[in-house]
Structure formats: structure tokens, C-alpha cells
Trainee: 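I am attaching a structure below and will ask some questions about it afterwards.
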Amino acid sequence: MSELESIARQNQELADKINQEALANRQSPYAGKYVGIANGQVAVVADTLREVVSQLQQIEPDRDRALILEASVDYDKVQYV
């Protein structure tokens, strides 16, 4: 497994844990927030996607090493917009 694959896996595992916590506990500090993860660690939590993108780009400019999650969203359900 390459380094980038390992980081992507770490990011996804952390994102899954954060989202499960936010779905189970509406008092979670992540509930209803956007979470930026970089290199397997939470890098930024904010109310808007724009804030997370801006801050995450400064922390980790390589998009392959970062992930953004909207916590409290059930990603297993179909969402109609």
C-alpha cells in the first residue's frame, strides 16, 4: 500500500468515526459541522464549507491527503436536493 493510500484510509476511518459519533450524539462537537481531516487527523471544524476549504488548503495543500466531511449526514441514505 502506498503512503497516499494509507493516508486516504486513515482519513476515511476517522471520518466514519466522527460521523457515527455525530449521528448518535447531537451534542457532539462535530454534529452539524463541517470537518476537515488531513493526514489522519482533524485539522479544522467549522460551520461552513467555505471556512473548512479555506483553512484546510492552508494546512494541507495536497488534496490527496485531505478529506472534508459534513458531520451528522447519513451517507448511507439517498439525499435529494
Trainee: Checking Leu69 against Tyr30 for the side chain to side chain contact (heavy atoms under 4.5 Å, CB included) test, could you report, in this order, the C-alpha distance in whole Å, the side-chain angles of both residues, the deciding distance, and whether it holds?
Mentor: CA-CA 10 Å; Leu69 161 77; Tyr30 303 111; over 6 Å; no
Trainee: Report whether Ile18 and Leu49 are members of the same hydrophobic cluster (ILVMFWY, side-chain heavy atoms less than 4.5 Å apart, transitive linking).
Mentor: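 No; tracing contacts between hydrophobic side chains, which count when under 4.5 Å, never links both residues.
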Trainee: Indicate whether any N or O donor in one side chain lies under 3.5 Å from an N or O acceptor in the other, for Gln20 and Asp16.
Mentor: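 No pair is found: no donor N or O on one side chain lies under 3.5 Å from an acceptor on the other.
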Trainee: Within this structure, what is the OG1-NZ distance for the pair Thr48 and Lys33, rounded to the nearest 0.5 Å?
Mentor: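 One gets 10.0 Å once the value is rounded to the nearest 0.5 Å.
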Trainee: Find out if a path of hydrophobic residues (ILVMFWY) with successive side-chain heavy-atom gaps under 4.5 Å connects Val73 to Val45.
Mentor: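 Shared cluster, yes.
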Trainee: Which heavy atom in Leu4 sits nearest to a heavy atom in Arg65, and how many Å separate them?
Mentor: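 Here Leu4 and Arg65 meet closest at CD2-CG, 3.7 Å.
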Trainee: As a test of understanding, state which of Val53, Val35, Val44 forms a side-chain contact (heavy atoms from CB on, under 4.5 Å) with Ile68.
Mentor: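 Exactly one pass, corresponding to Val53.
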Trainee: For Arg26 and Ser72: C-alpha separation, side-chain torsions, deciding distance, then whether side chain to side chain contact (heavy atoms under 4.5 Å, CB included) applies.
Mentor: CA-CA 8 Å; Arg26 295 294 177 186; Ser72 303; 3.2 Å; yes
Trainee: Say you draw a straight line from CG of Leu56 to CD1 of Ile37; how long is it, rounded to the nearest 0.5 Å?
Mentor: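 It is 9.5 Å, given to the nearest 0.5 Å.
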Trainee: Say whether Ile7 and Val42 are linked into one hydrophobic cluster, either directly or through other cluster members, by side-chain heavy-atom distances under 4.5 angstrom.
Mentor: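 Different clusters.
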Trainee: Is the count of non-hydrogen atoms from other residues, nucleotides or ligands lying under 6.0 Å from Gln12 atom CD greater than 12?
Mentor: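 Check passes, neighbour count above 12.
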Trainee: If I take atom CG from residue Leu14 and atom CG from residue Asn19, how far apart are they, to the nearest 0.5 angstrom?
Mentor: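 So the gap between those two atoms works out to 11.0 Å.
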Trainee: Rounded at 0.5 Å granularity, tell me how far CD in Glu5 sits from CZ in Arg9.
Mentor: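 With rounding to 0.5 Å, CD (Glu5) is 9.0 Å from CZ (Arg9).
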Trainee: Taking all heavy atoms of Glu51 and all of Ala46, pick out the closest pair and write down the distance.
Mentor: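 So the minimum-distance heavy-atom pair works out to CB-CB, 3.6 Å.
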Trainee: Report the C-alpha distance between Gln10 and Gln41 in whole Å, list the side-chain angles of each, state the deciding distance to 0.1 Å, and finish with yes or no for side chain to side chain contact (heavy atoms under 4.5 Å, CB included).
Mentor: CA-CA 8 Å; Gln10 291 173 21; Gln41 298 182 351; over 6 Å; no
